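Read through the structure below, which is laid out as structure tokens, and then see the notes.
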Amino acid sequence: MKTLSILAGMALAMAVPTVTMAQCDPGEIVAKMSVVTALQGHPKGETALALAERVNSKLDGKMCMEVYGNSELFTDADEMQALLDNEVQLLAPSLSKFEPYTSAFRIFDLPFLFDGAIAVLDYQNSVAGQELLGALDPSGLKGLGFWMNGMKQLSATRPLRLPKDAEGLTFRIQPSDVIEAQFGALGAETKRLAFSKVYDALASGEVQGQENTWSNIHTKKFYTVQDGVTESNHAYLGYLVVTNQEFMESLPEDVRNEFLLLFELTTHEYNRFAYEINEQRARDVWDETKNIISLTPEELGEWREAFQPVWEQFADDIGRDRIMLAQSFNAN
Ligand code: LMR
């Protein structure tokens with residue numbers, strides 16, 4: 001395996017990683033990872049690159065990992081089928097994109113359930129959270145672990161300070177019934193679009209609003225075609241790294257064990273950086289626009305209240321006990 005090093009330009013208080021693009025040698029097992037987001041300066045992209053660098057160094061001659069970003073290889077629309085067909089071996093779709101396979105991850109879409117990404121991380125690392133990794137087993141997919149992104153922020157072609165400001169607008173959403181209900185509760189319309197289509201849809205007016213994390217809003221420049229971003233932190237967006245069972249089982253035992261160890265170490269280490277990366281991307285949006293809408297506790301209270309019907313609609317389906325357990329990971 002020959003490597004070509006590129007220095008990732010992350011203005012962060014973390015070690016600047018060296019991004020390694022692998023050129024796989026004959027005889028090496030190739031694991032392609034496809035992500036729809038940016039690579040540099042993005043929680044998922046940086047974690048994927050760090051994992052690839054470690055795999056390519058520690059498993060040199062046995063296994064080789066390639067990372068493709070920005071929907072270059074597959075989009076939301078075709079990546080899951082490509083994984084089942086073993087055209088790609090690793091994906092990290094957002095938890096909201098597993099609806100066709102399981103409703104186990106709906107809990108992560110419930111608005112204002114988690115106070116912040118740290119509570120989500122603690123929940124995911126708990127026994128109950130780790131049990132969720134098995135939710136995809138019946139579909140031939142294998143959940144390896146959760147990767148963090150962060151809390152979502154709202155934006156539209158008009159400033160969103162109160163829930164009523166969203167009424168009548170059409171928001172781009174991920175394919176999740178909970179998210180659809182969330183915007184329905186505001187009297188807004190929704191359109192399910194692949195991530196790769198969001199910027200154009202916002203720029204053309206096909207949709208007027210969106211919700212996403214600071215890292216996605218900044219790296220995909222959504223904020224440049226919106227009138228302000230509201231710091232709502234109203235719900236979580238993060239990932240489940242998945243492979244297909246056939247690929248996992250095809251790996252020689254020593255390679256599989258070493259790969260899984262590297263995966264676990266990288267996940268543990270890089271999940272801690274997601275918060276910091278999102279903070280940096282929020283500062284970038286502020287520096288470039290000076291147009292971030294901060295909400296008062298009263299205004300936030302109005303958003304919470306507006307989303308209450310979503311809880312009523314999905315509490316039984318998600319499970320009231322599960323919701324209470326998840327809430328117990330909030331700090332207060
Ligand atoms: C989205 O579609 O908005 C996100 O799931 C993209 C991502 O992978 O963060």
Side-chain angles (χ1 to χ4, degrees), residues 76-77 80 93-117 119-120 123-124 132 135 149-158 160-195 197-198 201-202 206-213 216-217 222 226 229-240 295 299-327 329-330:
D76 291 331
M80 228 71 100
S94 117
L95 293 160
S96 313
K97 292 180 182 161
F98 288 101
E99 282 256 345
Y101 303 93
T102 176
S103 55
F105 304 129
R106 283 184 168 176
I107 191 162
F108 295 105
D109 283 337
L110 211 52
F112 292 113
L113 171 57
F114 293 104
D115 282 354
V120 179
Y123 173 64
Q124 290 180 337
L132 290 174
N149 191 327
M151 303 308 283
K152 291 184 283 189
Q153 322 300 335
L154 288 159
S155 71
T157 45
R158 62 181 184 233
L160 301 174
R161 183 164 285 285
L162 292 171
K164 65 177 170 46
D165 299 327
E167 203 178 320
L169 299 177
T170 302
F171 285 78
R172 175 270 170 169
I173 59 165
Q174 302 182 82
S176 149
D177 291 353
V178 178
I179 298 177
E180 189 171 284
Q182 173 196 281
F183 284 104
L186 302 175
E189 302 295 322
T190 53
K191 190 155 194 178
R192 296 177 181 217
L193 286 174
F195 187 59
K197 306 260 189 246
V198 181
L202 289 169
E206 181 187 354
V207 296
Q208 294 84 49
Q210 64 85 44
E211 54 161 20
N212 225 309
T213 60
N216 278 336
I217 290 171
F222 298 158
Q226 300 279 269
V229 181
T230 302
E231 193 172 23
S232 52
N233 290 315
H234 61 282
Y236 175 71
L237 188 155
Y239 311 107
L240 178 67
L295 302 175
E299 288 164 345
L300 259 178
E302 290 207 30
W303 287 95
R304 273 180 193 276
E305 205 179 310
F307 290 147
Q308 205 51 46
V310 187
W311 283 59
E312 279 142 33
Q313 188 177 340
F314 287 96
D316 287 335
D317 169 78
I318 294 171
R320 289 176 196 270
D321 290 349
R322 286 184 65 211
I323 293 174
M324 270 169 60
L325 179 68
Q327 279 175 312
F329 289 86
N330 288 329

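This chain uses plain numbering: 1 for the first residue, then up along the sequence. Because the structure is predicted, anything quoted here is derived from the model rather than measured.
Rounding to the nearest 0.5 Å gives a distance of 6.5 Å between CD1 of Ile179 and OG of Ser94. Note that CG of Leu300 and CG of Leu295 are 5.0 Å apart. Values are rounded to the nearest 0.5 Å. Atoms CZ and CD1, from Phe114 and Ile107 in turn, are 5.5 Å apart once rounded to the nearest 0.5 Å. Rounding to the nearest 0.5 angstrom, the gap separating the CD1 atom in Ile323 from the CG atom in Leu110 is 5.0 Å. Atom-to-atom distance recorded for Leu154:CG and Leu160:CG is 6.0 Å, nearest 0.5 angstrom.
Leu132 is not listed as a side-chain neighbour of Leu240, based on a closest heavy-atom distance of 4.5 Å or more. Put simply, the side chain of Ser232 does not reach to within 4.5 Å of the side chain of Lys152, judged on heavy atoms.
Looking at residues two or more places apart in sequence or on another chain, you find no salt bridge (Lys or Arg N to Asp or Glu O under 4.0 Å) involving Lys197. In terms of the side-chain hydrogen bond (donor to acceptor under 3.5 Å, both in side chains) criterion, Gln124 has no residue partners (sequence neighbours excluded). Partners of Met151 according to the side chain to side chain contact (heavy atoms under 4.5 Å, CB included) rule, which considers only residues two or more places apart in sequence or in another chain, are Gln153, Asn233, Tyr236. Residues forming a ring-ring contact (aromatic ring centres under 6.0 Å, His included) with Phe314 (at least two apart in sequence, or on another chain): none. Taking the side-chain hydrogen bond (donor to acceptor under 3.5 Å, both in side chains) definition, one finds that Lys191 meets it with Glu206, sequence neighbours left out. Glu180 pairs by the side-chain hydrogen bond (donor to acceptor under 3.5 Å, both in side chains) definition with Arg192, not counting sequence neighbours. Residues passing the side chain to side chain contact (heavy atoms under 4.5 Å, CB included) test with Leu162, sequence neighbours excluded: Lys164, Asp165, Glu299, Glu302. Legend: residues meeting side chain to side chain contact (heavy atoms under 4.5 Å, CB included) with Ala77, ordered by chain and number and at least two apart, are Thr75. Residues passing the side-chain hydrogen bond (donor to acceptor under 3.5 Å, both in side chains) test with Thr230: none are found, sequence neighbours excluded.
In this pair, Phe108 and Phe105 present their aromatic rings tilted. The plane angle is within the 30 to 60° band.
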When the side chains of residues 303-312 are checked against the rest of the protein, which donor-acceptor pairs come out under 3.5 Å, sequence neighbours left out?
residue: Trp303; atom: NE1; partner: Arg161; partner atom: O; Å: 2.9
residue: Trp311; atom: NE1; partner: Pro111; partner atom: O; Å: 2.8

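Screening Gln174, Arg172, Gln182 against Glu211 for a side-chain hydrogen bond (donor to acceptor under 3.5 Å, both in side chains) leaves a single residue, Gln182.
The heavy-atom pair separating Ala166 from Ala188 by the smallest distance is O-CB, 3.6 Å. Leu193 and Ala201 make their closest contact through CD1-CB, 3.5 Å (heavy atoms, listed as atom of the first residue, atom of the second, distance). Minimum interatomic distance between Gly209 and Gln226 (heavy atoms only, all atoms of both residues): CA-OE1, 3.6 Å. In terms of heavy atoms, Ala104 sits closest to Arg322 at O-NH2, 3.2 Å.
Judged by distance alone, the side chain of Asn330 and the main-chain N or O of Asp115 form a donor-acceptor pair under 3.5 Å. A donor-acceptor contact shorter than 3.5 Å is absent between the side chain of Arg158 and the backbone of Gln208.
A salt bridge (Lys or Arg N to Asp or Glu O under 4.0 Å) check over residues 94-114, counting only residues at least two apart or in different chains, returns the pairs Asp76-Lys97, Glu99-Arg106, Arg106-Asp177, Arg106-Asp317. Applying the ring-ring contact (aromatic ring centres under 6.0 Å, His included) test to residues at least two apart or on different chains, the pairs with a partner in residues 161-180 are Phe171-Phe183.
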Evaluation steps, side chain to side chain contact (heavy atoms under 4.5 Å, CB included), between Phe195 and Asn212: CA-CA 10 Å; Phe195 187 59; Asn212 225 309; 3.7 Å; yes
